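Please read all numbers here as calculations on a predicted model, not as lab measurements.
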Amino acid sequence: MAFNILNHSAVPKHEILSDEEIEEIFADVDFDLNQLPKIKVNDPVSKAIGAKEGQVLKITRKSETAGIFVTFRLVSGENNQK
C-alpha cells in the first residue's frame, strides 16, 4: 500500500497553472516568472501531481491570521536549486 503525500494534513493544496491562468494572474505584475520562489521537479509533491520543469504551481494554505494564503512556485530542474 503506497502512501499518498497529497492526503497528509501538513501538505497544502498544490495546483499546476495553465498558461492562460498564469497570464491572468500575473497580467498586472512587471516581473519575470524566473523570479518566483522555486520548487524542485523531484520534490515529493511535484512528483505526486506530475509537475514538469517550467510550470508554475499555485499553493493554497489555510492560515490562522490570513484565513487563506496563496503563493506561487516555479518548478525547477533537479540541479537548479535556489
Side-chain angles (χ1 to χ4, degrees):
M1 180 179 215
F3 175 75
N4 185 347
I5 192 168
L6 300 175
N7 293 333
H8 193 281
S9 63
V11 176
K13 181 179 178 182
H14 288 64
E15 303 170 81
I16 300 171
L17 296 180
S18 69
D19 291 341
E20 293 80 20
E21 290 171 316
I22 293 168
E23 284 183 35
E24 183 179 322
I25 292 168
F26 296 106
D28 297 330
V29 184
D30 185 27
F31 80 105
D32 188 270
L33 288 179
N34 287 318
Q35 293 175 304
L36 286 173
K38 309 294 187 282
I39 185 169
K40 288 185 178 184
V41 72
N42 64 349
D43 178 277
V45 175
S46 293
K47 290 167 95 174
I49 64 173
K52 305 219 180 328
E53 186 172 359
Q55 291 182 314
V56 176
L57 302 185
K58 176 181 176 182
I59 302 168
T60 306
R61 293 182 171 92
K62 293 179 183 173
S63 166
E64 289 184 26
T65 56
I68 299 291
F69 178 75
V70 177
T71 188
F72 301 92
R73 298 284 184 269
L74 178 66
V75 181
S76 68
E78 295 180 40
N79 296 324
N80 295 339
Q81 187 175 342
K82 274 195 175 180

So, using side-chain contact (heavy atoms from CB on, under 4.5 Å) as the criterion, who are the partners of Glu23 when residues are at least two apart?
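Per chain and number, Glu23 pairs via side-chain contact (heavy atoms from CB on, under 4.5 Å) with no residue.
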Partner residues of Ser18 under the side-chain contact (heavy atoms from CB on, under 4.5 Å) criterion, sequence neighbours left out
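Testing Ser18 for side-chain contact (heavy atoms from CB on, under 4.5 Å), a comparison that skips the adjacent residues, returns Glu20, Glu21.
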Find out if a path of hydrophobic residues (ILVMFWY) with successive side-chain heavy-atom gaps under 4.5 Å connects [X] to [Y].
{"X": "Ile25", "Y": "Leu74", "result": "yes"}
{"X": "Val41", "Y": "Ile22", "result": "no"}
{"X": "Val11", "Y": "Ile49", "result": "yes"}

What is the minimum heavy-atom distance between [X] and [Y], and which atoms define it?
{"X": "Val75", "Y": "Lys40", "value": "CG1-C, 4.4 Å"}
{"X": "Gln55", "Y": "Gly50", "value": "OE1-O, 4.1 Å"}
{"X": "Asn34", "Y": "Asp32", "value": "N-OD1, 2.8 Å"}
{"X": "Arg73", "Y": "Lys38", "value": "CD-O, 3.8 Å"}

Are the side chains of [X] and [Y] in touch, meaning some heavy atoms are under 4.5 Å apart?
{"X": "Lys52", "Y": "Ile16", "result": "no"}
{"X": "Val45", "Y": "Leu57", "result": "no"}
{"X": "Val70", "Y": "Lys58", "result": "yes"}

Using ring-ring contact (aromatic ring centres under 6.0 Å, His included) as the criterion, list what pairs up with Phe72, not counting sequence neighbours.
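Only Phe26 meet the ring-ring contact (aromatic ring centres under 6.0 Å, His included) criterion with Phe72.
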Provide the full list of side-chain hydrogen bond (donor to acceptor under 3.5 Å, both in side chains) pairs with a residue in residues 4-17, sequence neighbours left out, each pair given once.
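Residue pairs passing side-chain hydrogen bond (donor to acceptor under 3.5 Å, both in side chains), neighbours aside: none found.
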Name all pairs fulfilling the ring-ring contact (aromatic ring centres under 6.0 Å, His included) condition that reach into [range], sequence neighbours left out, sorted by first residue then second.
{"range": "residues 45-65", "result": "none"}
{"range": "residues 34-63", "result": "none"}
{"range": "residues 37-66", "result": "none"}

Can you give me every donor-acceptor pair (side chain of residues 62-69, partner residue at least two apart or in another chain, under 3.5 Å) with its distance?
from	atom 1	to	atom 2	distance (Å)
Ser63	OG	Thr65	N	3.3
Ser63	OG	Thr65	OG1	3.3
Ser63	OG	Ala66	N	3.0

For Asp19, enumerate each residue passing the side-chain hydrogen bond (donor to acceptor under 3.5 Å, both in side chains) test, keeping only those at least two apart in sequence or located in another chain.
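Scan of Asp19 (side-chain hydrogen bond (donor to acceptor under 3.5 Å, both in side chains), adjacent residues dropped) gives none.
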Spatial distance of atom CG (Asn42) from atom NZ (Lys47) [nearest 0.5 Å]:
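Taking CG in Asn42 and NZ in Lys47, the distance rounds to 6.0 Å.
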Rounded to the nearest 0.5 Å, how far does OG of Ser76 lie from CG of Leu36?
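It comes to 11.5 Å.
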Short question: side chain of Ser46, backbone of Ala51 - any donor-acceptor pair under 3.5 Å?
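Checked: no pair found.
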